[in-house]
Amino acid sequence: MLTRLPLICFLVSVTAIAADLTPERYWNTALPNTPMPNSLRHLFTPDFTDEKSTDVQVGKGGVNVNAGKGKPGGGTAVNVGKGGVYVDTGKGKGTHVSVSGGKGPGGGVGVHTGQPGKRTDVGVGKGGVIVHTRHKGRPVYVGVTPGPNPFVYNYAASETQLHDDPKAALFFLEKDMVPGKAMNLRFNAEDGYDGKTAFLPRGEAETVPFQSEKFSEILNTFSVKPGSEEAEMMKKTIEECEAKRVGGEEKYCATSLESMVDFSVSKLGKYHVRAVSTEVVEKNAPMQKYKIAAPGIKKLSDDKSVVCHKQKYPFAVFYCHKAMMTSVYAVPLEGENGLRAKAVAVCHKNTSAWNPNHLAFKVLKVKPGTVPVCHFLPETHVVWFSY
């Protein structure tokens, strides 16, 4: 069974909790000296999000929520009691709001409306209360390239993956990382959906089951048909998260940005850590020939790192693993159409515990444990390292 990372609890007031509610504020609290990569920031506002604001007036007579529909007397009555907060929408239905000390810096005010993606986030500050209501839909599943995740190293490549999976081209040998070297690459990370799958706030993500034994409940939660291609993809993601570790590595599947931060900080510390990802100027850039530009290859780290790979799932889930004996590089690339990319590459110096039929060995025609194996990171993947 997948275990969740223990979290550090902080004693803060309700006002401070609400002020630090957002994942971005959590990041800034936990990592005050670490800029957030754009690849993660973009997962806060996916293409399918429809943000709206609702003004909340707090007075002696209670709380009134103006939904902005222009109807006199319209609003929502909010009753605050010892058992929590109850929001009466006037339609015979209500929403329970729980306020707690939270988990980690930020805690939170959680408004639960029933299903993931149908949550209302409430922020309480000195100027009042703002309620952001997210779109009730979710990204539409459009299919993915078949084959095991090439960034989980205990899996063998499928028969067709070598030719059909564009991520096969991301693997290369460290000796080939020289200016002028040409490679056919595509940095888009396919997750199977027509829009970016977004982060859920941790309070919401932790209410959604993420275990194989509760898979039927998971499918019901996301209205996914059992036996469908999407269901099989979700099942595979959970199984990869629950699979045994490779060569004693430490791994963790983060179902929220906050839990990713917690895992990385627990392995690397908080004051001298960086998080970086590949950046490509053009959105959805096609497969094309890139050359390593000169000069500009820079070694960022030559020790331990935490690499987080975005998984195929209805909301943002990252497979994170602490990798020892790795080097991290920033590699400038120039495409044949003039497109430039700031790529991040990770080189594994010890691959002896990898599956001997892993995709990397088939692509590079080498054996486990013989030479360092490198790969570029797709745009939505992140590597953390100490400096």
Q.
Quick check: do Met324 and Asn350 have side-chain heavy atoms less than 4.5 Å from each other?
A. no
Q | Minimum heavy-atom distance Gln211-Ile218, with the two atoms named | A | O-CD1, 3.7 Å
Q) So do the side chains of Lys312 and Met234 get within less than 4.5 Å of each other, counting heavy atoms only? A) no
Q: Go through Val208 and Phe210 one step at a time and tell me if the side chain to side chain contact (heavy atoms under 4.5 Å, CB included) criterion holds.
A: CA-CA 6 Å; Val208 181; Phe210 194 73; over 6 Å; no
Q: Evaluate side chain to side chain contact (heavy atoms under 4.5 Å, CB included) for Val276 paired with Val382, printing each intermediate quantity in order.
A: CA-CA 6 Å; Val276 295; Val382 183; over 6 Å; no
**Q.** Distance (rounded to the nearest 0.5 Å) between Thr34 OG1 and His272 NE2
**A.** 10.0 Å
Q) Which heavy atom of Trp354 sits nearest a heavy atom of Ala360, and at what distance? A) CZ3-CB, 4.1 Å
Q: For the residue pair Thr22 and Trp27, establish whether any side-chain heavy-atom pair is separated by less than 4.5 Å.
A: no
Q. His321 pairs by side-chain hydrogen bond (donor to acceptor under 3.5 Å, both in side chains) with which of Lys251, His309, Glu250, Arg245?
A. His309
Q. So do Phe361 and Thr370 actually touch side chain to side chain, heavy atoms under 4.5 Å?
A. no
(Q) Could you go through Asn357 and Lys362, starting from their C-alpha distance and side-chain angles, then the distance that decides it, and tell me whether this counts as side chain to side chain contact (heavy atoms under 4.5 Å, CB included)? (A) CA-CA 7 Å; Asn357 292 313; Lys362 291 184 175 295; 4.2 Å; yes
Q: Determine whether Val280 and Glu379 make a side-chain contact, defined as any pair of heavy atoms from C-beta on separated by less than 4.5 Å.
A: yes
Q.
As an exercise, state the distance from CD of Glu279 to CG of Leu377, rounded to the nearest 0.5 Å.
A. 12.0 Å
(Q) Please determine whether disulfide (SG to SG under 2.5 Å) holds for the pair Cys320 and Cys253, giving the CA-CA distance in whole Å, both sets of side-chain angles, and the decisive distance to 0.1 Å. (A) CA-CA 6 Å; Cys320 299; Cys253 276; over 6 Å; no
Q: Taking the side chain as every heavy atom from C-beta outward, state whether Ser305 and Val307 have any pair of such atoms under 4.5 Å apart.
A: yes
Q: Specify the closest pair of heavy atoms between Ala293 and Pro179, including all atoms of both residues, with the distance to one decimal.
A: O-CB, 4.3 Å
Q) Could you state the interatomic distance from CE (Met177) to SG (Cys374), rounded to the nearest 0.5 Å? A) 5.0 Å
(Q) Counting only heavy atoms not in Lys270 (residues, nucleotides, ligands), do more than 12 fall under 6.0 Å from its NZ? (A) yes
Q) For the ring pair His358 and Phe171, is the centre-to-centre distance below 6.0 Å? A) yes
Q) Any side-chain heavy atom of Thr351 sitting closer than 4.5 Å to one from Met325? A) no
Q. CD1/Ile297 to CD1/Ile292 distance, rounded to the nearest 0.5 angstrom?
A. 5.0 Å
**Q.** Name of the residue among Leu339, Asn184, Leu185 meeting side-chain contact (heavy atoms from CB on, under 4.5 Å) with Gln288
**A.** Leu339
Q) Does a side chain donor of either Lys310 or Thr197 reach within less than 3.5 Å of an acceptor in the other side chain? A) yes
Q: Report yes or no: do Phe199 and Phe263 belong to one cluster of Ile/Leu/Val/Met/Phe/Trp/Tyr joined by side chain heavy-atom distances under 4.5 Å?
A: yes
Q: Could you state whether Leu300 and Val273 fall into the same hydrophobic cluster, counting links through intermediate Ile, Leu, Val, Met, Phe, Trp or Tyr residues with side-chain heavy atoms under 4.5 angstrom apart?
A: no
Q) Can you find a side-chain donor-acceptor pair between Ser39 and Thr380 that sits under 3.5 Å? A) no
Q: Could you go through the salt bridge (Lys or Arg N to Asp or Glu O under 4.0 Å) check for Lys349 and Asp302 one step at a time?
A: CA-CA 10 Å; Lys349 301 174 187 178; Asp302 198 27; 2.6 Å; yes
Q) Given the rule in the side chain to side chain contact (heavy atoms under 4.5 Å, CB included) test, do Phe385 and Thr326 qualify, once you have shown the distances and angles that lead to the verdict? A) CA-CA 10 Å; Phe385 58 89; Thr326 57; over 6 Å; no
Q) Just checking, any donor-acceptor pair under 3.5 angstrom between side chains of Tyr26 and Asp262? A) yes
Q: Could you tell me whether Glu258 and Arg202 have a side-chain N and a carboxylate O separated by less than 4.0 Å?
A: no
Q: May I ask you to check whether Tyr252 and Phe318 place their ring centers less than 6.0 Å from one another?
A: no
Q.
Looking only at the aromatic ring of each residue, does the gap between the centers of Tyr319 and Tyr313 stay below 6.0 angstrom?
A. no
Q | Tyr329 and Glu174 side chains, donor-acceptor separation under 3.5 Å | A | yes
**Q.** Gap separating the OG atom of Ser212 from the NZ atom of Lys235, nearest 0.5 angstrom
**A.** 8.0 Å
Q) Is there a chain of hydrophobic side chains (I, L, V, M, F, W, Y, each step under 4.5 Å between heavy atoms) that links Val331 to Val373? A) yes
Q: To the nearest 0.5 angstrom, please state how far the NZ atom of Lys181 sits from the CE atom of Met183.
A: 6.0 Å
Q. Less than 4.0 Å between a side-chain N and a carboxylate O, is that true for Arg41 and Glu24?
A. yes
Q | Contact check, side chains of Ser327 and Lys299, non-hydrogen atoms, under 4.5 Å | A | yes
Q) Okay, side chain of Ser256, backbone of Ala205: is any donor-acceptor separation there less than 3.5 Å? A) no
Q. Is Arg340 paired with Glu334 through a side-chain N to carboxylate O contact shorter than 4.0 Å?
A. yes
